[in-house]
There are 2 protein chains.
Amino acid sequence: MPKAPASKRALKAPPPPSRRSPCPVACALDLFGDRWTLLVIRDLMLGRSRFKDFVSSPEGIPTNILSDRLERLLEGGIVCQIPATDGGKRMAYELTEKGEALRPILKSMRDWGLSWEAGTKVLLQPV
Amino acid sequence: MPKAPASKRALKAPPPPSRRSPCPVACALDLFGDRWTLLVIRDLMLGRSRFKDFVSSPEGIPTNILSDRLERLLEGGIVCQIPATDGGKRMAYELTEKGEALRPILKSMRDWGLSWEAGTKVLLQPV
DNA sequence: TAATTTACTTGCAAATAGCAAGTGATTCGT
DNA sequence: ACGAATCACTTGCTATTTGCAAGTAAATTA
């Protein structure tokens, strides 16, 4: 088996009920308002599901950050773990219904970037 | 006049063309992938336009962070400055067309939060 | 014109990010 | 079945960023 999930000491996850406000946007940003989380979710939406897949995305997320973000996404109910399809003992990550519901956000971000940021283009293809 | 805009030393803005990848999502996150920027944009979309308005939003953004974020948004072409409507000498911030184009992102984030995060509710009303 | 408000800056401690180098299971190749 | 490679992480360390509290100076108000 792989090692136990990310320890609490490595990169601290904030105690869950410390919302800055009841605003739905603020609350969403408490969950994924950082430079990396939505890129992992992007990868999941394109069918990537394994730790190594996220690591090998073009942005090069550091592995300790990835561990922390996956842990937060699990705690937030946005992803879950399932047995990998290769029949082995390793696990894969998958979006929950709550995570799938983020798709319009990612789509509108992609559209905005393509429209307003010169030189951007879709490079990752669905699996 | 108020003091000159935020200095470069206070909180460093990254050299513009250091994109992590040409992905439109990654590029968008380079501009507003943090806990505060989209809250300022939310306020702007609701008609707030002055420094003090952003400071008095319920999340309580620290003023040094706000200065830094406004500076980045100006550099990124997402906001601009215009004379405040009160006829005085002070300036107000306003979304550019590029900034206005972020509206679908904010809307989908609000909808997601309202649907999936218990206890969230719209609290800020348009001016 | 004195007091208040606005729009910031500065200094500092604490938290977070990110790099490089492990570590120990699992899987692959032969 | 055994060694080598891969996978999914953790650890240690430094650099950067955050966020609080306390200024500061111009603009506005009384």
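By convention in this document, chain letters (A, B, ...) are assigned in the order of the sequence lines, proteins followed by strands, and residues within each chain are numbered from 1. Just the heavy atoms: all of them, side chains too, but no hydrogens, waters or symmetry mates, feed the values below.
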Any protein N or O atoms within reach of nucleotides 27-30 of chain C? Criterion: under 3.5 Å, listing atom names and distances.
unit_1 : atom_1 : unit_2  : atom_2 : d
C:dT27 : OP1    : A:Lys89 : N      : 2.7

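- Here A:Tyr93 pairs with nothing under the ring pair (Phe, Tyr, Trp, His ring centres under 6.0 Å) rule; sequence neighbours left out.
- Counting to the nearest Å, the P atom of C:dA7 and the CD1 atom of B:Ile61 are 14 Å from each other.
- Grouping the Ile, Leu, Val, Met, Phe, Trp and Tyr side chains by contacts below 4.5 angstrom, directly or via other members, places B:Leu46 apart from B:Leu102.
- Of the candidate nucleotides D:dG19, C:dT9, C:dC19, C:dT9 has the atom lying nearest to any side-chain atom of B:Thr63.
- Distance, A:Ile65 CD1 to D:dC13 P: 18 Å, rounded to whole Å.
- One atom, CG of A:Asp34, and another, P of D:dT18, lie 11 Å apart when rounded to the nearest Å.
- Among residues at least two apart or in separate chains, ring-ring contact (aromatic ring centres under 6.0 Å, His included) pairs with a member in residues 29-71 of chain B are A:Trp112-B:Phe32.
- Side chains of A:Cys23 and B:Arg42 form a contact here, defined as non-hydrogen atoms less than 4.5 Å apart.
- Partner B:Ser57 forms a side chain to side chain contact (heavy atoms under 4.5 Å, CB included) with one of B:Leu39, B:Val40, B:Asp43 and no other, that one being B:Asp43.
- Distances shorter than 4.0 Å separate some side-chain N or O of A:Ser67 from OP1 or OP2 on D:dT10.
- For A:Arg20, the side-chain hydrogen bond (donor to acceptor under 3.5 Å, both in side chains) criterion is met by A:Asp30, not counting sequence neighbours.
- Side-chain nitrogen and oxygen atoms of A:Arg69 include at least one within less than 4.0 Å of the OP1 or OP2 phosphate oxygen of C:dA17.
- In this structure, B:Asp68 places its CG atom 15 Å from P of D:dT16, rounding to the nearest Å.
- Under 4.0 angstrom from either OP1 or OP2 of D:dT17 there lies no side-chain N or O belonging to A:Arg35.
- Counting to the nearest Å, the C1' atom of D:dT17 and the CG atom of B:Leu66 are 16 Å from each other.
- The side chain of A:Tyr93 contributes no N or O atom lying less than 4.0 Å from OP1 or OP2 of D:dC7.
- Applying the salt bridge (charged side-chain N to carboxylate O under 4.0 Å, His left out) test to residues at least two apart or on different chains, the pairs with a partner in residues 76-88 of chain B are B:Arg50-B:Asp86.
- Taking atom CG on B:Asn64 and atom P on D:dT16, their separation rounds to 18 Å, with Å as the unit.
- Both A:Leu74 and A:Leu44 are members of a single hydrophobic cluster when ILVMFWY side chains are connected at heavy-atom separations under 4.5 Å.
- Residue B:Leu70 contributes atom CG, which lies 11 Å from atom C1' of C:dC8 at whole-angstrom precision.
- Remark: A:Arg50, A:Phe51, A:Lys52 in residues 36-58 of chain A come within less than 4.0 Å of DNA chain D through at least one heavy atom.
- Here A:Thr37 contributes atom OG1 and A:Ile78 contributes atom CD1; the two are 8.5 Å apart, rounded to the nearest 0.5 Å.
- Protein atom CG of B:Leu74 is 9 Å distant from nucleotide atom P of C:dC8, rounded to whole Å.
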